[in-house]
Amino acid sequence: MIVNLIEWSNKLLSAEQNQNGIQPLTQSLENLTVKDAYLIQLETINEKVAQGHRITGKKIGLTSKAMQNLLNVDEPDYGHLLSNMEIKDGTTLRSDYLKPRVEAEVAFFLKAPLKGPNVTVAQVIEATDYIVGSLEIVDSRIENWKIKLLDTIADNASSAKYVLGDVKRNAAQVDLPAIEMDFYKNGTKVNAGKGEDVLGNPAACVAWLVNRLADFNIGIEAGEVVLSGALSAALDAEVGDVFVADFGELLGKVKVEFK
């Protein structure tokens, strides 16, 4: 292993704590691999678990062309969700982040464990207890979001917080690719997305995740939540901003505010 996992994990942890971004890992580590980047992520997650936080699920990033184009990458990634990341719908957040952005997506709650490889969309739907609308607050510990795919992977897929909606639906009874979402910032509709915008189907994103996790002998446990990926481009967040993802009658609205 050419990468000092603990050293780079500590740099990312320090950047998060001090709100002071670091230079991209890919600038310093010419031979950094995807596996190295995920191992750095796991080192950080293990440290946070040791501090008393609990893994509550996973997040999938960069599943839509909008987000891949925004960050100039060409494949998805994933990160871990922890117990200190979940916030209630309508919460007002302190702006104690580096450069936060907000995304709207569909969240899957599992009632049965899933472990790859070769997990299918049908198996994902069968293992899902229900889906809800969600918002994810992403933030990069890499200075000014100057990231490549390996940078965001190491940085736990740029995750920060997540908000879950209250309207629950049976995934088997929903046309997942047809889900529609309008995304508002400060009362103005900025963009919109559909379920088909994330790998053709949000459940396909979950299947991708489970099969990718198998490379590290990891699965998703019953009771965990999976954020399946942004349906549209992320929106920059500043003090005073209010974000609402409107999924219509199907999944309702999800809201977060910054102060």
- [ ] Report yes if some heavy atom in the side chain of V254 is under 4.5 Å from a heavy atom in the side chain of V132; otherwise report no.
- [x] no
Task: hydrophobic_cluster_shared for Y162 and I137, side chain cutoff 4.5 Å - done: no
Task: Heavy-atom check, side chain of K148 versus side chain of P24, under 4.5 Å - done: no
Task: Under 3.5 Å donor-acceptor, K161 side chain and E136 backbone - done: no
Task: Sidechain-backbone polar pair: N191 side chain, A233 backbone, donor-acceptor under 3.5 Å - done: yes
Open item on the list: Ignoring hydrogens, what is the shortest heavy-atom contact between G116 and N211? Give both atom names and the distance.
Closed with: CA-OD1, 3.7 Å
Task: Hydrophobic cluster identity match, F109 and V210, side-chain contacts under 4.5 Å - done: no
Open item on the list: If you define the side chain from C-beta out and look only at heavy atoms, does anything of V34 sit under 4.5 Å from R212?
Closed with: yes
Task: Test item: S228 and F108 side chains (from C-beta on) under 4.5 Å apart, heavy atoms - done: yes
Open item on the list: If you apply the rule side chain to side chain contact (heavy atoms under 4.5 Å, CB included), what do you find for W8 with D36, and how did you get there?
Closed with: CA-CA 11 Å; W8 286 98; D36 293 337; over 6 Å; no
Open item on the list: To check you understand the geometry: which heavy-atom pair defines the closest contact between V124 and V119, and what is its length?
Closed with: CG2-CG1, 4.0 Å
- [ ] Check whether V163 and V244 end up in the same hydrophobic cluster, where Ile, Leu, Val, Met, Phe, Trp and Tyr are linked by side-chain heavy atoms less than 4.5 Å apart.
- [x] no
TODO: Find the distance between CG (N4) and CD1 (I6) and round it off to the nearest 0.5 Å.
DONE: 6.5 Å
Open item on the list: When you compare the side chain of I179 with that of F247, does any pair of heavy atoms fall below 4.5 Å?
Closed with: yes
Task: Residue pair T152, S158: steps toward the side-chain hydrogen bond (donor to acceptor under 3.5 Å, both in side chains) verdict - done: CA-CA 6 Å; T152 186; S158 305; 2.7 Å; yes
TODO: Decide side chain to side chain contact (heavy atoms under 4.5 Å, CB included) for H80 and V49; before the verdict, give the C-alpha distance in whole Å, the side-chain angles of both, and the deciding distance to 0.1 Å.
DONE: CA-CA 11 Å; H80 290 71; V49 169; over 6 Å; no
Open item on the list: What's the separation between atom OG in S134 and atom NZ in K59, rounded to the nearest 0.5 Å?
Closed with: 10.5 Å
- [ ] Return the minimal non-hydrogen interatomic distance between L164 and D89, and the atom names on each side.
- [x] O-CB, 3.8 Å
TODO: Hey, could you give me the OG1/NZ distance between T128 and K111, rounded to the nearest 0.5 Å?
DONE: 8.0 Å
TODO: Give the ring-plane orientation class for F183 versus F243, where under 30° counts as parallel, over 60° as perpendicular and anything between as tilted.
DONE: tilted
Task: Backbone of G193 reached by a side-chain donor or acceptor of D197 within 3.5 Å - done: no
Open item on the list: Any side-chain to backbone donor/acceptor pair from D241 onto E238? Under 3.5 Å, distance only.
Closed with: yes
Task: Cation-pi, Y184 ring and K189 (6.0 angstrom, 45 degrees) - done: no
- [ ] Flag the pair V138 / W145 as yes when at least one side-chain heavy-atom distance between them is below 4.5 Å, and no otherwise.
- [x] yes
Task: Where A107 and L227 come nearest, the two heavy atoms and their spacing - done: CB-CD2, 3.7 Å
Task: Backbone N/O of D155 and side chain of R141: donor-acceptor pair under 3.5 Å - done: yes
Task: Within 6.0 angstrom of Q17 CD, more than 12 heavy atoms from elsewhere - done: no
Open item on the list: Rounded to the nearest 0.5 Å, what separates atom OG1 in T44 from atom CD in Q41?
Closed with: 8.0 Å
Open item on the list: Are F258 and L98 connected into the same hydrophobic cluster when the rule is that any two of I, L, V, M, F, W, Y join if their side-chain heavy atoms are below 4.5 Å apart?
Closed with: no
TODO: Identify, with sequence neighbours excluded, every residue that meets side chain to side chain contact (heavy atoms under 4.5 Å, CB included) alongside E126.
DONE: none
Task: L82/M85 under side chain to side chain contact (heavy atoms under 4.5 Å, CB included): CA gap, chis, key distance, verdict - done: CA-CA 5 Å; L82 298 168; M85 293 182 181; 4.1 Å; yes
Open item on the list: So, taking the atom named OG1 in T56 and the one named CZ in R54, what distance separates them when rounded to the nearest 0.5 Å?
Closed with: 6.5 Å
Task: Side chain proximity check, M181 to V106, heavy atoms < 4.5 angstrom - done: no
Task: Heavy-atom closest pair, residues L231 and G195 - done: CD2-CA, 4.1 Å
TODO: Mind checking the SG-CG spacing from C205 to L209? Nearest 0.5 Å is all I need.
DONE: 9.5 Å
- [ ] Determine whether K255 and V242 make a side-chain contact, defined as any pair of heavy atoms from C-beta on separated by less than 4.5 Å.
- [x] yes
Open item on the list: Suppose we screen for side chain to side chain contact (heavy atoms under 4.5 Å, CB included). Which residues come up paired with K259, at least two apart in sequence or across chains?
Closed with: T92, R94
Open item on the list: Applying a strict under-4.5 Å side-chain criterion to I, L, V, M, F, W and Y, I'd like to know whether I45 and Y78 cluster together.
Closed with: no
Task: Test item: D151 side-chain N/O and T26 main-chain N/O as donor-acceptor pair under 3.5 Å - done: yes
TODO: Would you check if the side chain of N170 reaches a backbone N or O of A172 as a donor-acceptor pair within less than 3.5 Å?
DONE: yes
TODO: Please lay out, stage by stage, how I40 and L32 fare under the test side chain to side chain contact (heavy atoms under 4.5 Å, CB included).
DONE: CA-CA 11 Å; I40 292 170; L32 185 69; 4.3 Å; yes
Open item on the list: Could you report the tightest heavy-atom contact between R169 and L251, atom names first, then the distance?
Closed with: CG-CD2, 3.5 Å
- [ ] Spell out, as yes or no, whether a donor-acceptor pair under 3.5 Å connects the side chain of K99 to the backbone of G21.
- [x] no
- [ ] Look at the side chain of E43 and the backbone N and O of L5, then say whether any donor-acceptor pair between them is shorter than 3.5 Å.
- [x] no
Open item on the list: For E224, give me all partners under side chain to side chain contact (heavy atoms under 4.5 Å, CB included), at least two apart in sequence or on another chain.
Closed with: I55, K58, I220, E221
- [ ] Could you tell me whether the side chain of N18 and the main chain of N20 form a donor-acceptor pair under 3.5 Å?
- [x] no
- [ ] Take N84 and K48, measure what side-chain hydrogen bond (donor to acceptor under 3.5 Å, both in side chains) needs, and give me the verdict at the end.
- [x] CA-CA 10 Å; N84 65 327; K48 291 186 175 184; over 6 Å; no
